[in-house]
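Have a look at the structure below, then the notes.
Proteins get letters first, then strands, A, B, ... in listed order; numbering begins at 1 in each.
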Amino acid sequence: MKQIYLDYSATTPVKREVVDTMLPYFTEIYGNASSIHGFGQEAKSVLEQSRKSIAETINATPDTFYFTGGGSEADNWALKGVMRANRKKGNHLITSKIEHHGILHTCTALEKEGFEVTYLDVDAEGMVSLEALEAAITDQTVLISIMFINNEIGTMQPVKAIGEIAHKHGVLFHTDAVQAYGNVKIDVNEMNIDLMSVSGHKIYGPKGIGGLYIKKGIRIQNIIEGGAQERNRRAGTENIPGIVGFAKAAVMADENLEAHREKLIYLRDKLANGIMDVIPYAKYNGHPTERHPGNVNICFEFIEGEALLLSLNAKGIAGSSGSACTSGSLDPSHVLLAIGLPHEIAHGSLRLSIGDFTTEEDVEYTIESLKEIVQKLRLMSPLYDK
Amino acid sequence: MKQIYLDYSATTPVKREVVDTMLPYFTEIYGNASSIHGFGQEAKSVLEQSRKSIAETINATPDTFYFTGGGSEADNWALKGVMRANRKKGNHLITSKIEHHGILHTCTALEKEGFEVTYLDVDAEGMVSLEALEAAITDQTVLISIMFINNEIGTMQPVKAIGEIAHKHGVLFHTDAVQAYGNVKIDVNEMNIDLMSVSGHKIYGPKGIGGLYIKKGIRIQNIIEGGAQERNRRAGTENIPGIVGFAKAAVMADENLEAHREKLIYLRDKLANGIMDVIPYAKYNGHPTERHPGNVNICFEFIEGEALLLSLNAKGIAGSSGSACTSGSLDPSHVLLAIGLPHEIAHGSLRLSIGDFTTEEDVEYTIESLKEIVQKLRLMSPLYDK
Amino acid sequence: MLYTEKVMDHFMNPRNVGEIENADGVGEVGNVKCGDIMRIYIKVEGDQIVDVKFKTFGCGSAIAASSVATELIMGKTIDEALALTNKQVIDELGGLPPVKVHCSVLAEQALKAAIYDYATKNALTFKGLEGYDPDEDHHDHDVVDIEF
Amino acid sequence: MLYTEKVMDHFMNPRNVGEIENADGVGEVGNVKCGDIMRIYIKVEGDQIVDVKFKTFGCGSAIAASSVATELIMGKTIDEALALTNKQVIDELGGLPPVKVHCSVLAEQALKAAIYDYATKNALTFKGLEGYDPDEDHHDHDVVDIEF
Ligand SMILES: Cc1ncc(COP(=O)(O)O)c(C=O)c1O
Ligand SMILES: Cc1ncc(COP(=O)(O)O)c(C=O)c1O
Ligand code: FES
Ligand code: FES
């Protein structure tokens, strides 16, 4: 059976070119980048070259980009590191209700440590209100953390304006750009970003590698202490193959950004419009224009998301009901509740995310299959009586 | 020029079989293990299979082994996680002066949080005293963390006896087994180990993946919060290729353990004896018998370690002056100072670590080259007047 | 796979989907907020269940559990049907992930609710309904030890 | 590589290694605890340094810096030699990693110490030695911004 992957927001396949770039670093140039000998110095040199390549894609200097074990670690580091290091300045953190759990659960942990967190509401399209944000700032506020692009509904926040407000009040601004990086052009300087989390496996790079941009001069504590790697800020033998692969993927994404966006937007709109045209009682979630180029998120009334996913999977189509890492949870998505959907509608959500290997035929087949599936499940549903 | 790698304790090449096992998970079975669809479930299944394989090598059940981004993360997690979660029980931690920086710098961070840390001395061969250990335990003691095998001088601690003492006093026992795993047989139950850190890249597996064994029922806080991965204990999209590679390397190491040890011990002794025979004013560090099968650590009087390493490197031989991750530091090794060596001798240290691809010729060539190099550097040294 | 082949079969090809017009008993359990509602219809002749149908809004295993439960009691006596446990449903499905055990409980409870409805309408009593309270909330997601 | 080719060349093939018997001046700086000691011998005729040799216990860049420093002052006048800065040593080596800058400072100081020894023995004064205190600790590892 044909396999159609429409879950690029959960993770992407690693591109062939990326794997090829990584391979020599497993078996040949395998040195520890901290070693003085040739094996080590070769690794060190490619490490710094990779850092530079990635930094360039976000208009940062290499010494502001730190590698981590993924996006979640970067999120944890940014929030815990900045809040703990700036206790003297204040104990207040502002975020939104639709953040990834990497942010939200870190906030819960920080609350247990005595910090105060404001969770901003979003509107029906998933947008944070700039007025509400500004109003939430107190003289205790140290950090604002608002995600660049939401992983479930794809809404993109006005990051630059958020950073402007933060800086106007002398507050630091972190953004979780795990979904945005590689899908929109990011310039940390122009966009007033002080810290930014990114992850390799969302941009056709390897899993288990990510990074945190930290503007120069920011006080931040470590969360992983030990060796002097990453300028004494993140211990652990550097994952050179992962780093090299991440950098290759980042550069490829950056060079191809416009074509990638155009293609994704075309297919996304075709998919979303196609579904909305043929399936009644459906709601297209997220912002109509300010959204991830590949994100489609739709709620189908009267049916439940997991049943939908299983049925799609039986037809070879891989989708998601929202964020991958909360599957197994029985609660509906916190993001869909935050945009004001009632529980029963939120339960019927489907996220289809398009990527570089998606074809027009994939989209057509998906629309067709989805129509059948929704119809079948609705006929089984006690809530459906049309 | 021939390249001779004698720095297996810093990191190992990834074995061909390991890379081959990893490859499909980059480009084909690339799903997010938390996803419901086929791509995800395949990943999930290999994830759990890998966990099981690794757990079996240490005689643990799969639900006690958690993947991390490396050995340093595991060390940080064990210490911070246990101490913070057991504040009600006490605030005292016991460790040794020769731990890896992943432990020592974590201890410093914990001291800043208000915990008390006892750093045990070691004897001239790097051994912790069991009497001193027992005497250090107070009613506030929550955790003892003593490394299994030291990364610089190779000394192996009496882990089982340490665990026994810990348990006799109702104290938890963590061991950093990053250097031991794959080099000695470990049975966490028989050895009274409650928590244990391991790392992939020291056993011919990939970098950027490690793990923490946590016995059932132990209270431990997370250090990376977010998604529900790793049974809610360590967030972040699972690094499936890394995990698969780590498991493959672990199983290979376990199956081949006896032959590996025999070979390493034979070459190690040949190398150490060869050097001690032909170079005067040298001191063989560590324990004569209770040591890493591949570790040779020798101090050469009147010369400095970096100059030695550079000269070796110029002859194609990759060695280390101690721990890789402190290179760049100008201070002599804390381990060598802890075994009582004076600064000037500690500065002249060389660690050569043997691994599966080392040959008898490598060893012979190294002895010969080293003799020349030491002679040349001594003739340049103002301290040498023989 | 997340589910056994048996679960997938009953999910993809559910038996006895639909409604029974003028059913002798109808039971509905679950909660739309939790994303699961199960409704079971029974037709009774004498003490025998001669027809049973279901409609379910819920996850894959809820649908599979409904299907299996209706199959298990089709043609059985009321007393036999009342003896059905969620354990039997799980066994028949070849197992369910721990987090999905409650879906099988829903099936057991929906069936009991349908029989209770039949009993109430016909002023009958059954041993298997002793102590049964249709308003009790049998739907507690937290009782299962979530393992994943 | 950690070091430039120039550094490696001077490290592997150091110029002017050794001692000068009955040297006119000998200077030693560094500290065995810190793992670096540099000793420079000079032979002076008139105001000219006609021979210079060194012995160094230290890292690769310390040896290379000694070698380059001796080469730079060989045949020079004392005043010219006193004008030598660690910056010149670094430039001549094609650069040093920031953490190794202090090795070049050692070379400058060892030379000054040797000339000071010569001056003291011969009751001479040099402009370049004004304010020079041989007992001052010029050896501070912490002054460099450690970047790696
Ligand atoms: C004893 C010991 N502990 C911890 C570590 C850290 O492991 P990793 O580099 O995987 O973070 C190492 C090696 O680097 C080690 O030798
Ligand atoms: C918005 C967002 N933040 C953080 C993460 C976590 O990244 P990682 O899986 O690399 O830890 C993800 C994806 O999993 C994400 O979509
Ligand atoms: S119906 Fe609630 S999870 Fe199955
Ligand atoms: S002599 Fe101290 S590091 Fe060079």
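- Rounding to the nearest 0.5 Å places CD1 of C:Ile63 at 8.0 Å from CD of A:Glu304.
- Side chains of A:Ser381 and C:Lys55 form no contact here, defined as non-hydrogen atoms less than 4.5 Å apart.
- Residues of residues 43-53 of chain C lying under 4.5 angstrom from chain A, judged on non-hydrogen atoms, do not exist.
- Across all their heavy atoms, A:Glu306 and C:Gly60 have their closest contact at OE1-N, 2.7 Å.
- Shown here are the side chain to side chain donor-acceptor pair (under 3.5 Å) partners of A:Glu368, two or more places apart in sequence or in another chain: there are none.
- Looking at A:Leu379, the atoms closer than 4.5 Å to chain C (heavy atoms on both sides) all sit in the backbone: N, CA, C or O.
- Here the side chain of A:His347 pairs a donor or acceptor atom with the backbone of C:Gly35 at under 3.5 angstrom.
- Heavy-atom distances place the side chain of C:Pro14, and not its backbone, under 4.5 Å from chain A.
- Note that the CE atom of A:Met380 and the OG atom of C:Ser66 stand 9.0 Å from one another [nearest 0.5 Å].
- At most 12 non-hydrogen atoms from other residues, nucleotides or ligands lie less than 6.0 angstrom from NZ of A:Lys112.
- Going from atom CZ of C:Phe11 over to atom CG of A:Leu377 covers 5.5 Å, rounded to the nearest 0.5 Å.
- When each of A:Pro382, A:Ala346, A:Gly348 is scored by its heavy-atom pairs under 4.5 Å with chain C, the top score falls to A:Pro382.
- Looking at every heavy atom in both residues, A:Phe302 comes nearest to C:Phe57 through O-CD1, 3.1 Å.
- Note that CD of A:Glu344 is 9.0 Å distant from CG of C:Asn31, once rounded to the nearest 0.5 Å.
- Within 6.0 Å of NZ on C:Lys127 lie no more than 12 heavy atoms contributed by other residues, nucleotides or ligands.
- Considering CE of C:Met12 and CG of A:Asn313, their distance stands at 9.5 Å, rounded to 0.5 Å.
- If you measure heavy-atom distances from C:Val17 to chain A, the contacts under 4.5 Å come from the side chain alone.
- More than 12 non-hydrogen atoms from other residues, nucleotides or ligands lie less than 6.0 angstrom from NZ of C:Lys121.
- Taking a 6.0 Å sphere around NZ of A:Lys376, one finds it holds more than 12 heavy atoms contributed by other residues, nucleotides or ligands.
- Note that the CG atom of A:Leu308 and the SG atom of C:Cys59 stand 12.5 Å from one another [nearest 0.5 Å].
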